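Here is the structure we will look at.
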Amino acid sequence: MTDINISIGNATFKNQVFMASGTFGYGIELADTVNIGLLGAIITKSITLLPREGNPPPRIVETLSGMINSIGLANVGSETFVKEILPQYDKSFLPKVIVNIAGSTETEYCETLKLIESVSSNIIGYEINISCPNVSKGGMEFGIDADLTARLTEKLRKATDRLLIMKLSPNVTDITAIGKSAQEAGADAVSAINTVIGMSVDINSRTSNISTTYGGLSGPAIKPIGLAMVHKLFTALSIPVIGIGGIVNASDAVEYILAGATAIQVGTASFRDPNSGPEIVVGIESFLDTNKISNFNDLIGRLKTRNKSVTG
Amino acid sequence: MIIEDCEIVANTQLAAGLWEMSFRSSNISSQDLLPGQFISIQINENWERPLRRPMSIAGARQDVLSIIYKIFGSGTHELSKKIKGDSINILGPLGNNFTGWDSVKTPILIGGGVGLAPILFLHEHCQRMGIQSILIVGAKTGQEHFLSHDPSNRLYLTTDDGSIGVNGTVLDALQMLSISEKNGKLFACGPEMMLSTLQRFAISQNIQAQLAVESYMACGFGICQGCVIRRNSNRKSIDEHTYHQKYSLVCEDGPVYEANEVLFD
């Protein structure tokens, strides 16, 4: 048996398979259907300071090997989250919980985090969504600006000693610049990538298939983009990178790990089968056993360099 | 919620563009399946089409479940190519169900297009319980029908072109019924245009009606938050900072709604 425990910041996890924000609810809803105890961590749906209804329908459309969503951060809001959901993460709730926070102003992010910090709970840390493409203001504005990212990270860092992960957008020219800002401002890790801005058109009605015209593309269609971005971040940063984007099986997960991911997140795959996460945990273990890899850390970022003598 | 591989026992074309598939389910079929509920179907193992297709249960006899589907795109086209003995992965049962049909004298069941599926399942339940229902099925042309127009058995077909049954829509057939019959409760599923027409009719005539609506879904079990429909609220404007008051999740709160509960576009 390979040791697959991992550490990120001051947190340790039994394995590297996390459930991505927005694709596993608050982790509680699926506890009867899925063996959630097998998972490394669950990342909650984004919480905002106030409740949000989300965007008008249609909010989703399938595309080739992917889907576009524009949910618009529909959620119960921080107060209800603290009162009704947080207490359910008691000792009997097995996976570690990372709370995802979104906002449209610096104050909103900070107030939400402080409210959650103000009560005693078993959560292990926070993932900060600075990359949601589906809200009219905020969110993404932070994720595409290195200075705003640094300022927000710094403020949140001061407000918590728990694990702090900044979730990065692929919709930027240079993701490493944003990643470096987060790192310098005290983030423990970055996760990448959030969805890629996309669009789908109904040629009969001549309308976008999504009410907000554009949405966020996810699923296997974005895996090559996610892999490249994770590799760039791994090369440029010293803090851990958590890989996200189109992971549907253990082989996808190992690709991300070789590209530099310390942990990975399963997203869209859970919509088809909420058991995808636990299946990937088992699949990675069997890959490590088959290949006689005794320490999981020996796999992270161990991409072999191709012969560079090819010239144009 | 159960996920299982089922063996297809039949997959046949019923009428123009309309197919029926039945499959053997050992686990989902053992649940208490009610008319209006749906299951979600995985087209195949590869990820070209990542999402399942939500489909109403059209029938359940012992361990055999059936669905009725229309060929809309490449996914349903591929579904129509499956043959007896093939395996298909199903997730369910999901959603709520029609209610009150067993406590009115004459439930009026109305189906249009693939919306016929849950209506046939409800019809089967009415028959099983000895409840005399009226069944109205609408289509554009006679080629899209597979049942027979049979007013003596309270089964009315309608066609837009008049080639079979009542010339017109399901509303025209409904209006031909006697006043006492119309005072039953309506149970309908079909295209949004049909449902919104029936909704206006039911509200204006003060007739009770339940409508089963369709929506795109990524999951079907309350997680993706993608399948929302607008709630009908008396308040002119709703505070932006609410949750679940303006929109309802079709997969969990629905797909069956009272006619005055939801708003169509």
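Letters A, B, ... are given to chains in the order of the sequence lines, protein chains preceding strands, and every chain is numbered from 1. These figures come from a predicted structure and were not determined experimentally.
With a 4.5 angstrom heavy-atom cutoff, Asn46(B) touches chain A only via backbone atoms. In this structure, no portion of Thr80(A) lies under 4.5 Å from any heavy atom of chain B. With a 4.5 angstrom heavy-atom cutoff, Leu91(B) touches chain A only via side-chain atoms. Of the atoms belonging to Ala269(A), heavy atoms from both backbone and side chain fall under 4.5 Å from chain B. Contact of Phe24(A) with chain B is made through the backbone alone, with heavy-atom distances under 4.5 Å. For chain B, the nearby part of Thr33(A) is the side chain; its heavy atoms alone come within less than 4.5 Å.
Atom CE of Met199(A) is surrounded by more than 12 heavy atoms from other residues, nucleotides or ligands within 6.0 Å. Shown here is Phe264(B), whose CZ atom has more than 12 heavy atoms of other residues, nucleotides or ligands within 6.0 Å. Atom CD of Glu214(B) is surrounded by 12 or fewer heavy atoms from other residues, nucleotides or ligands within 6.0 Å. Around the CD atom of Glu106(A), the shell of radius 6.0 Å holds more than 12 heavy atoms that belong to other residues, nucleotides or ligands. Within 6.0 Å of NZ on Lys82(B) lie more than 12 heavy atoms contributed by other residues, nucleotides or ligands.
Gln225(B) places no side-chain N or O within donor-acceptor distance of the main-chain N or O of Ala74(A), the cut-off being under 3.5 Å. Under the 3.5 Å distance criterion, the side-chain polar atoms of Arg59(A) are left unmatched by any main-chain donor or acceptor of Val228(B).
The shortest heavy-atom contact between Gly66(A) and Pro50(B) is N-CG, 3.3 Å. Nearest approach of Ser270(A) to Phe221(B), heavy atoms of both residues: O-CZ, 3.6 Å.
Contact check on Arg231(B) versus Glu53(A) returns no salt bridge, with no Lys/Arg side-chain nitrogen under 4.0 Å from an Asp/Glu carboxylate oxygen.
To the nearest 0.5 Å, atoms CD1 (Ile3(B)) and CG (Asn275(A)) are separated by 5.0 Å. Rounding to the nearest 0.5 Å places CD1 of Ile60(A) at 7.5 Å from SG of Cys219(B).
Contact annotation: the side chain of Pro57(A) approaches that of Tyr247(B) to within less than 4.5 Å [non-hydrogen atoms, C-beta and beyond]. Taking 4.5 Å as the limit, some side-chain heavy atom of Phe271(A) sits within range of a side-chain heavy atom of Ile223(B). Side-chain contact between Pro56(A) and Lys246(B): absent, with no pair of heavy atoms (C-beta onward) separated by less than 4.5 Å. In this structure, Pro51(A) and Gln245(B) have side chains that are not in contact, with every pair of non-hydrogen atoms separated by 4.5 Å or more.
Contacts of residues 42-50 of chain A with chain B at a heavy-atom distance below 4.5 Å involve Lys45(A), Leu50(A), listed in sequence order.
Chosen from Gln42(B), Met217(B), Met1(B), the residue pairing most often with chain A at heavy-atom distances under 4.5 Å is Gln42(B).
Every pair passing salt bridge (charged side-chain N to carboxylate O under 4.0 Å, His left out) that includes a residue from residues 35-52 of chain B is listed here, sequence neighbours excluded: Arg49(B)-Glu78(B).
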